[in-house]
There are 2 protein chains.
Amino acid sequence: MTSILHACAANQLLAELPSAEQDAFMAICDTVQLTFGEVLFQPTDTITHVYFPIDSFISQIVILNMDSRLEVAMAGREGMLGISLVLDIAETPLLALVQGEGLALRINAASFQQLLLNAPVLHQRLKRYLYVVISQLANSAACIHFHRIEERLARWLLMTQDRAKSDSLQLTHEFLAMMLGVRRAGITLAAIALQTRGLIRYHRGEIIIIDRPGLIEAACKCYTDDCALYTKVLML
Amino acid sequence: MTSILHACAANQLLAELPSAEQDAFMAICDTVQLTFGEVLFQPTDTITHVYFPIDSFISQIVILNMDSRLEVAMAGREGMLGISLVLDIAETPLLALVQGEGLALRINAASFQQLLLNAPVLHQRLKRYLYVVISQLANSAACIHFHRIEERLARWLLMTQDRAKSDSLQLTHEFLAMMLGVRRAGITLAAIALQTRGLIRYHRGEIIIIDRPGLIEAACKCYTDDCALYTKVLML
DNA sequence: CGCCTTGTGTACGCTAGCGTGCCGACGCTT
DNA sequence: AAGCGTCGGCACGCTAGCGTACACAAGGCG
């Protein structure tokens, strides 16, 4: 029981809820282990469950014409997956891919919607979270268009580190290429550049962040902007 | 009075509402004329009014680092401006620029939120609209990244034509360049290509769509996908 | 009428990133 | 220990689009 309580507090959207809401949440959620590469939703799937990651994290990916892919959002312990249920829409336009293994709290869609009716604080918080997601989507569109691979890679590594809470990330260049919508060779060049600058070290499927402040410097301002927006809207 | 009624039906989000909701809406809205180039919201502005365009339309633009700009959404008679109020957030992350002159219905933010409490059909419809906007934002990010200027320009002209309901659009290459986040010269080349293919004709600030089916062919599939999504979510 | 602002055509060299393909190195499996 | 699949480095020519700049044309205005 205390482990669930602890787990609950481990997702930022659920932290410091009124105890009545937290109890109601705990009563209907279960804890699941997400494994790397698991696909939680396919585009146009009906959402059957929502997820609140604890130490896992999930990439949300647009698929264009069956071949081009691009990550447009990420959900870790600061967020959730299945946010469109807040709008009473049980569908998602994005592919949800588990990108960091770990635990998540899961709730059945119907129970979740029922819960929201009696959990005004959580409901309001999720609406704010949705606003943040929308803003970040809009910013990402511009970031992806205007910024260079190296800056975007730095940003992506920082965002991932925040969610993984580890300096060591298990990632291949191939995978990063898919996330950023670029060539594998493009990632290699950017990674070499970041390594040469002493910001990261990497080796066959593992990337280690050495100099986080330096990496923030190397990333486009979108990273800090994103963090600032989240804090402003959700931490007030 | 009948003119307001007519105007009301002229925005698709308001069409065929239960008469009680429509009456309530009409009681608190007023009709305003929007002029070309008018800025309705600045990023991080507090939203004081929401707008339901009738024959006007509005570009929503991300501003990155004070200099790079990119249109990420458009609101015409099929949509509204100020949608984040549906989430009880009276703020917008985007610049809202009147891009097609014309009429719009305007409501004070507080009245609008009050109205939503007693207008379940409208409320539900706006939540669906918000879902469409989110999906389109995600798709746009990928479209902007993967598709070439010519395809994007074709798509943009089609979207604009839908909202302007005219074959003749008052647009300069300069303006289009800002919308698509590219060079003015890049637009000129794309426009020449489309004109050579007999799809459009243009002349000093005016673009005329000659062959709409051909233009749909020339545009990326994102155009028809967007339309299909709107229809699926809002017309069911 | 001529001026001047605005819009468009075009040309220059340049850069980021593409598609592709190949090689070598790592490390897991047998 | 050998073999093989995966991963990363690198190189090739190529393209889209960039920044810039300049010239010309259209059309509003004095």
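Below, chain A is the first sequence line, B the second, and so on; all start at residue 1. Keep in mind the model is a prediction, meaning the values are calculated, not measured.
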Between B:L189 (CG) and C:dT8 (C1'), how many Å, whole number?
11 Å
Can you tell me how far P of D:dG28 sits from CD of B:E206, to the nearest Å?
13 Å
Rounded to the Å, how far apart are A:I187 CD1 and D:dG8 P?
11 Å
In whole Å, what is the span from the CD1 atom of B:I200 to the C1' atom of C:dT8?
13 Å
Rounded distance (Å) that lies between atom P of D:dG8 and atom CZ of A:R201:
15 Å
Spacing between B:L153 atom CG and D:dA16 atom C1', to the nearest angstrom:
15 Å
Strictly by salt bridge (Lys or Arg N to Asp or Glu O under 4.0 Å), give each pair with a member in residues 199-213 of chain A just once, sequence neighbours left out.
A:D162-A:R212
Phosphate OP1/OP2 of C:dG9: any B:Y202 side-chain N/O under 4.0 Å
yes
If the sugar-phosphate is the primed atoms plus P, OP1 and OP2 and the base is the rest, what is the B/S/- string for nucleotides 17-27 of chain C, using protein heavy atoms under 4.0 Å?
SBBBB---BBS
Could you state the CD-P distance from B:E151 to D:dA16, rounded to the nearest angstrom?
11 Å
Please output the side-chain donor-acceptor pairs of residues 169-193 of chain A that fall under 3.5 Å, not counting sequence neighbours, one pair per line with the distance.
from: A:Q170; atom 1: NE2; to: A:S168; atom 2: OG; distance (Å): 3.2
from: A:T172; atom 1: OG1; to: A:F175; atom 2: N; distance (Å): 3.1
from: A:H173; atom 1: ND1; to: A:T188; atom 2: OG1; distance (Å): 3.0
from: A:R184; atom 1: NH1; to: A:T188; atom 2: OG1; distance (Å): 3.1
from: A:T188; atom 1: OG1; to: A:R184; atom 2: O; distance (Å): 3.3

Atom CD of A:Q195 to atom P of D:dC10: distance rounded to whole Å?
11 Å
Below 4.5 Å, heavy atoms only, C-beta onward: do A:I134 and B:I83 meet side chain to side chain?
no
Give me each pair satisfying side chain to side chain donor-acceptor pair (under 3.5 Å) with a member in residues 128-152 of chain A, each pair once, sequence neighbours excluded.
A:Y131-B:E91, A:E150-A:R197
Determine which pairs satisfy ring pair (Phe, Tyr, Trp, His ring centres under 6.0 Å) with at least one residue from residues 43-72 of chain B, sequence neighbours left out, and list them in order.
B:F25-B:F52
Side chain to side chain donor-acceptor pair (under 3.5 Å) against A:T231, all qualifying residues, sequence neighbours excluded:
none
